[in-house]
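Some notes on the structure that comes next.
Everything quoted here is computed from the prediction, not taken from an experiment. Here is how names work: the chains are called A, B, and so on, in the same order as the sequence lines, proteins then strands, and each is numbered from 1.
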Amino acid sequence: MGHHGMEGLDMLDPLSSSSMTTLAPMGEAAPPHHQLHGYGMNHVMNHHHAGALAHPPSHLAHPAAALHPDTDTDPRELEAFAERFKQRRIKLGVTQADVGKALANLKLPGVGALSQSTICRFESLTLSHNNMIALKPILQAWLEEAEAQAKNKRRDPDAPSVLPAGEKKRKRTSIAAPEKRSLEAYFAVQPRPSGEKITAIAEKLDLKKNVVRVWFCNQRQKQKRMKFAAQH
DNA sequence: ATGCATGAGTG
DNA sequence: ACTCATGCATA
């Protein structure tokens with residue numbers, strides 16, 4: 001080995017050439033070794049339509065938590081809570097989707113419903129650290145409420161869910177395995193390709209530029225999830 | 001359970 | 001044009 005004019009589009013083919021041997025070291029995760037810029041610098045909470053978590057838990061919870069916030073931000077504690085949460089949720093015979101909808105009925109300020117996806121991700125720790133911390137007190141509140149009501153109350157026959165119908169469903173793009181492998185190889189050497197490079201990659205893989213751009217964005221987010229971030 | 005997507009907020 | 005929280009659609 002002893003050649004690599006990998007500038008610009010030359011590196012646009014980490015799979016079909018021997019350059020992969022040097023450019024895409026397979027194995028575990030990508031080798032991006034950056035880590036500064038903590039999370040806290042952002043405004044932390046935003047929201048839009050459905051969900052609406054207002055602020056980080058800086059005053060609620062127990063007085064103990066207020067004394068040492070580290071208890072709430074400790075990945076270990078979050079992990080333990082997530083597991084307990086799931087276990088007790090199942091014990092209550094409630095689905096992830098049920099929990100999401102029930103959150104709206106909690107009437108907590110700035111807290112609306114969440115999707116099954118989000119509840120699932122909370123339980124499996126596949127959310128960012130900050131996201132986990134923001135959701136914990138809310139889910140904890142729901143859990144306590146639900147268990148309290150389970151003691152003296154019983155379910156009431158709520159209205160059967162009716163699908164609105166008539167709405168054109170969104171179609172989910174599916175990236176084929178070979179293309180996916182190429183993208184992963186590119187990502188390994190350059191997690192944040194420029195717009196031009198994205199265009200070139202899209203061209204090469206015969207995918208829409210936007211699809212490729214979003215793929216990289218999602219890939220970056222993945223790296224930051226608790227499960228992937230080696231912070232526990 | 002997870003892939004691809006949206007939109008608010010930020011720069 | 002990115003990050004981040006979140007969700008629809010689907011495996």
Strictly distance-based, threshold 3.5 Å: is any side-chain N or O of [X] a donor or acceptor partner for the main-chain N or O of [Y]?
{"X": "D98(A)", "Y": "T95(A)", "value": "yes"}
{"X": "R220(A)", "Y": "P191(A)", "value": "yes"}
{"X": "R225(A)", "Y": "L127(A)", "value": "no"}

I want to confirm an ordering. Mapping F216(A) and T126(A) to their closest nucleotides on DNA chain C, which one lands closer to the 5' end? F216(A)
With DNA chain C as reference, determine whether T118(A) or G195(A) sits nearer its 5' end, using the nearest nucleotide of each. G195(A)
Apply side-chain hydrogen bond (donor to acceptor under 3.5 Å, both in side chains) to residues Q87(A) and E83(A) and explain how you reach the verdict. CA-CA 6 Å; Q87(A) 196 175 311; E83(A) 198 172 322; over 6 Å; no
Describe, in one word, how the ring planes of F187(A) and F216(A) are oriented to each other, choosing from parallel (under 30°), tilted (30 to 60°) and perpendicular (over 60°). tilted
Please give me every residue in residues 83-99 of chain A whose heavy atoms get under 4.0 Å of an atom in DNA chain C, ordered by residue number. none
Between [X] and [N], is there a side-chain N or O to OP1/OP2 distance below 4.0 Å?
{"X": "T173(A)", "N": "dA5(B)", "value": "yes"}
{"X": "S128(A)", "N": "dA5(C)", "value": "yes"}
{"X": "K171(A)", "N": "dC4(B)", "value": "no"}
{"X": "K222(A)", "N": "dG3(B)", "value": "yes"}
{"X": "R192(A)", "N": "dT3(C)", "value": "yes"}

Transitive ILVMFWY side-chain link V214(A) to Y186(A), under 4.5 Å: no
Roughly how far, to the nearest 0.5 Å, is CG of L103(A) from CG of L108(A)? 8.5 Å
Could you state the [atom1]-[atom2] distance from [X] to [N], rounded to the nearest angstrom?
{"X": "N218(A)", "N": "dC2(C)", "atom1": "CG", "atom2": "P", "value": "12 Å"}
{"X": "Q116(A)", "N": "dA1(B)", "atom1": "CD", "atom2": "C1'", "value": "7 Å"}
{"X": "R170(A)", "N": "dT6(B)", "atom1": "CZ", "atom2": "P", "value": "6 Å"}
{"X": "N131(A)", "N": "dC4(C)", "atom1": "CG", "atom2": "P", "value": "11 Å"}
{"X": "E184(A)", "N": "dC4(B)", "atom1": "CD", "atom2": "P", "value": "10 Å"}
{"X": "R172(A)", "N": "dT6(C)", "atom1": "CZ", "atom2": "P", "value": "20 Å"}
{"X": "R220(A)", "N": "dG3(B)", "atom1": "CZ", "atom2": "C1'", "value": "16 Å"}
{"X": "L139(A)", "N": "dA5(C)", "atom1": "CG", "atom2": "P", "value": "15 Å"}

By nearest atom, which of the nucleotides dA5(C), dT3(C), dA1(B) is closest to the Q221(A) side chain? dA5(C)
Select one nucleotide: of dT2(B), dA5(B), dA9(C), the one nearest the side-chain heavy atoms of K169(A). dA9(C)
Heavy atoms only, 4.0 Å cut-off, all strands: where does [X] land among base, sugar-phosphate and nothing?
{"X": "S117(A)", "answer": "base"}
{"X": "R121(A)", "answer": "base"}
{"X": "K180(A)", "answer": "sugar-phosphate"}

Could you walk me through whether T126(A) and M226(A) pass the side-chain contact (heavy atoms from CB on, under 4.5 Å) test, one step at a time? CA-CA 6 Å; T126(A) 45; M226(A) 285 197 83; over 6 Å; no
